[in-house]
Amino acid sequence: MTSINEQPIPAARPVIGEDEIEAAVRVLRSGRVVQGPEVAAFEEGFSRLVDGRHCIAVNSGTSALQLLILALGIGPGDEVIVPSFSFAASANAVRLTGADVVFADIEPGGFGLDPAAVEAAITPRTAAIMPVHLYGHPAAMDRIVPIAERHQIAVVEDACQAHAAALNGTPVGAFGAGGTFSFYPTKNMHSLEGGMVTTADAELARTLRLLRNQGMEQRYANEIVGANMRMTDVSAAIGRVQLAKVEGWTEQRRANAAYFDAGITAPAVTTPPVAEGARHVYHQYTVRIRGDRDAAMARLTEAGVGNAVYYPTPIHRLKPYWEPDQKAGRTWELPETEKAAAEVVSLPVHPSLTRNDLERIVTAVNSLGENL
Ligand SMILES: Cc1ncc(COP(=O)(O)O)c(C=O)c1O
């Protein structure tokens, strides 16, 4: 039970503090609000998180994915291998370009694409593999990138949940042909709404800049067909404030996770795995619960501990994917995906948790015991 003095602990707490407000007001007062110097400075600053790669700011993580796939020349007739255990945006970005989504399973016990399943899903039509660094944990890039290289297909990283995560010292967003990030308010850093594409390829970076702005570098000298997916300078100014803080926030998230790892002992609860060499940035602290998950979540809520399931329905079971597959008589064998979707619960891990919050969360989880 939540005591009278104790407020419920929210599952996420986006930061819009005085620094962010001041930055936004400064840009608003300047009168220069569309894509301009703040966006350029944000791109330059973010580049440090991805080993100096080119950075192209856009209006959302979904736009970042969609533009990257378009810029790689992927479209109708092509296939992209995507995990079904992700947010729908991962697959939506592929389908919006006209390419086909091929779902592959995740690793047993983990939450990232299974390299063996990826290899088995490759066909002559495969144009790209999209590993998702889900919850802030890097996917198995050390094994996926060599598969892509062997088959000469692109790797498109969905790092929307994984700012500053790394594997064996390489940051996510610096492995593939391109990487993508989201700056949605609940992410580890935000710009109200926003996204970033990262790439080492200067030519691809130029194409991305054209695509986000009607195909123009010079005004009214359109070179290709493009969209309007520009980031505003207001968003970029907020993003820059958050970028200066994200490293500290990440360390706090990691410290919170370490506290949970050490303190959670309930037999029905499995704490999140971390692969060797991985820097997990804990966008989510996601446990697996054996037994009655709904009952466990209700008990956590009753104890004032926010909790949520990301994601209860695998993408292949969502209507826009399920119905066409049913019609075509196509089925996916994704046992680890189905299992994860049935077992996961994310607990609060955001950097504003107090020591008292951490203790309350561990106590509530451990009181679930083993009889669920
Ligand atoms: C894994 C994943 N991919 C893509 C996206 C899309 O990002 P956005 O909401 O900024 O479009 C998100 C975030 O919402 C996400 O979590």
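Along the sequence shown, residues carry numbers from 1. Each ligand, and each atom within it, is numbered from 1 in the order the structure gives.
A donor-acceptor pair shorter than 3.5 Å cannot be found between the side chains of N188 and H163.
Taking the six-membered ring where the residue is Trp, W322 and H316 present tilted rings, their angle falling between 30° and 60°.
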Put together the list of close N/O pairs, under 3.5 Å, between ligand 1 and the protein, could you?
{"residue": "ligand 1", "atom": "3 (N)", "partner": "D158", "partner atom": "OD1", "Å": "3.3"}
{"residue": "ligand 1", "atom": "3 (N)", "partner": "D158", "partner atom": "OD2", "Å": "2.7"}
{"residue": "ligand 1", "atom": "7 (O)", "partner": "S182", "partner atom": "OG", "Å": "3.4"}
{"residue": "ligand 1", "atom": "10 (O)", "partner": "G61", "partner atom": "N", "Å": "2.8"}
{"residue": "ligand 1", "atom": "10 (O)", "partner": "S182", "partner atom": "OG", "Å": "2.7"}
{"residue": "ligand 1", "atom": "11 (O)", "partner": "G61", "partner atom": "N", "Å": "3.3"}
{"residue": "ligand 1", "atom": "11 (O)", "partner": "T62", "partner atom": "N", "Å": "2.9"}
{"residue": "ligand 1", "atom": "11 (O)", "partner": "T62", "partner atom": "OG1", "Å": "2.5"}
{"residue": "ligand 1", "atom": "14 (O)", "partner": "K187", "partner atom": "NZ", "Å": "3.0"}
{"residue": "ligand 1", "atom": "16 (O)", "partner": "Q161", "partner atom": "NE2", "Å": "2.8"}

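Listed by chain and number, the residues in a side chain to side chain contact (heavy atoms under 4.5 Å, CB included) with R29 are V25 (sequence neighbours excluded). Remark: T354 engages N356, D357 in a side chain to side chain contact (heavy atoms under 4.5 Å, CB included) (not counting sequence neighbours).
In this structure a side-chain-to-backbone donor-acceptor pair under 3.5 Å is missing from R230 to R212.
Among residues at least two apart or in separate chains, ring-ring contact (aromatic ring centres under 6.0 Å, His included) pairs with a member in residues 242-276 are F260-Y285.
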